[in-house]
Amino acid sequence: MRQIINHSFDAIPKSYLFSEVARRVAAFREAHPDRKLIPMGIGDVTRPLRRPVIDALEKAAEEQTHAETFHGYGPEQGYDFLRQAVLRHYAGFGVTLDLADIFISDGAKSDLGNLPDLFSDQCKVLLPDPVYPVYRDSNLMAGRDVAYIAATRANGFAPLPDDSLHADLVYLCSPSNPTGSAYTREQLKVWVDWALANDAVILYDAAYECFIRDDLPHSIYEVEGAKDCAIEVCSLSKTAGFTGMRCGYTVVPHTLAREGMNLHDLWLRRQCTKMNGVAYPIQRAAEAVFTPEGMAACKEDIAAYLRAAGIVAAAMDELGIWYCGGKNSPYIWLECPKGMDSWQFFDALLEKAGVIGTPGSGFGENGEGYFRLSAFSGEENARVAMEQMTAWLRSL
Ligand code: PLP
């Protein structure tokens, strides 16, 4: 039969996790219009943009009103002023990159979904389970088979490869959404050595690197050999509250090659064909994030989110609930108490404590029996949510 539509869309779960959460919350609100609910499931930031960023944005917007300073289409990989700032940011982790390696993007999600364009449809994709659904759905949409490596309590939700594992393209996220777990340098080295031995490519999602406080790698390029096997995607969404601004950066080392083809050149070719860059004022605002004043302001916001995460983590400690994350991450990944499955806990927490979270099973099979709480809701919400959750669980 003639098919004109991409039927690979049939392979994607129909109900997007957050739509189902929204549906259940809406039904609850309708039945209980007087109940105040605390949103502890959100992945979006809640703190506003900081002054240095807005000043740069306003200045650049003003420039756009004068013929002498007007900017039209920008350079394909982004303006050098921003790419240089990104290079300096990496230098802060002891990572030396080449200016050519940096591509400015409109955020991490687009690049994570588009980078598989460089790979054939026979390419074997490996994802951790549980996983940020974008990695899975964008590969399923393209008709690729996807295999999983189990992230479990036994491996601290930070799975490692062994010699029996074979794949061509692997997505890693550290600190992880949804589990908040983060790889050590030694663990990342295991992945890099495995990728080099298997000619595999790692797509490394560092969207939450700004939450790292312990001595953990902020970038996969802190590990020797990574420039020969890894592409890194990062974003200002969580670093600087840019979820509504849309700006990130992707590192494709200019020497990274497979089968005689240079992946940097392929990505440049792909981006030049399908993307026309990020708005000039947004790139100026992004540049301001990397100034000392900009970074100091953004770090205050990150510290506030981490204090909220600490409130949730302390409540879990007190309740004796197993969890990971919450230290170098805004997410706390907990085991559902009393043997409840993820959706049972979601419904009970909503009804009995008025707290909205995210069921772990929505991120993959291994997420069943687990639950994600987010610190983006802020300290006050975290405090009240934990008081209500503690009171409910103690009453059982
Ligand atoms: N990667 C992970 C793991 C995320 O959780 C998110 C957003 O929540 C993104 C990427 C997307 O970031 P951006 O806003 O830059 O598209």
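Start at 1 with the first residue, then count along the sequence. Counting convention: from 1, in listed order, for ligands and their atoms alike. Just so it is clear, the structure is predicted and the values come from calculations on it, not from any experiment.
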Exercise for the section: Find all atoms of ligand 1 within a distance of less than 4.0 Å from any non-hydrogen atom belonging to N177, and give their numbers and elements. Expected result: 3 (C), 4 (C), 5 (O)
Exercise for the section: Say whether A108, considering both its backbone and side-chain N or O atoms, lies within less than 3.5 Å of an N or O atom on ligand 1. Expected result: yes
Practice task
Could you check whether the rings of Y208 and F211 sit parallel, tilted or perpendicular, using 30° and 60° as the cut-offs?
Solution key: tilted
Exercise for the section: List the closest protein heavy-atom neighbour of atom 16 (O) of ligand 1: residue, atom name, distance to the nearest 0.1 Å. Expected result: R246 NH2, 2.7 Å
Exercise for the section: Answer yes or no: is there a side-chain heavy-atom contact under 4.5 Å between F371 and W343? Expected result: no
Problem - Numbering as shown, the atoms of ligand 1 that approach S235 to under 4.0 Å (heavy-atom distance) - result: 13 (P), 15 (O)
Practice task
Search all heavy atoms of D106 against all heavy atoms of V278 and return the closest pair with its distance.
Solution key: N-CG2, 3.6 Å
Completion exercise
Counting from 1 in the order shown, the ligand 1 atoms closer than 4.0 Å to a non-hydrogen atom of D205 are 1 (N), 2 (C), 3 (C), 10 (C)
Exercise for the section: Tell me whether the centres of the aromatic rings in H264 and F103 are closer together than 6.0 Å. Expected result: yes
Exercise for the section: Examine Y331 against ligand 1 and note whether any of their N/O atoms are separated by less than 3.5 Å. Expected result: no
Practice task
Have a look at ligand 1 and work out which part of S237, if any, has a heavy atom under 4.0 Å from it: side chain, backbone, both or neither.
Solution key: side chain
Problem - Close aromatic pair by centroid cut-off 6.0 Å: W333 and Y323 - result: no
Practice task
Using a 4.0 Å heavy-atom cut-off, say whether F242 meets ligand 1 through its side chain, its backbone, both or neither.
Solution key: neither
Problem - Nearest neighbour in protein (non-hydrogen) for atom 9 (C) of ligand 1 - result: Y132 OH, 3.2 Å
Completion exercise
From the list Q64, H71, M245, side-chain contact (heavy atoms from CB on, under 4.5 Å) with P281 holds only for Q64
Handout entry: Under 3.5 Å: N/O of K238 near N/O of ligand 1
Key = yes
Problem - Y135 and Y171 aromatic ring geometry - parallel, tilted or perpendicular at 30°/60° bounds - result: parallel
Problem - C173 neighbourhood, listing ligand 1 atoms whose heavy-atom distance to it stays under 4.0 Å - result: 3 (C)
Practice task
Answer yes if the ring centres of Y305 and F376 are under 6.0 angstrom apart, and no otherwise.
Solution key: yes
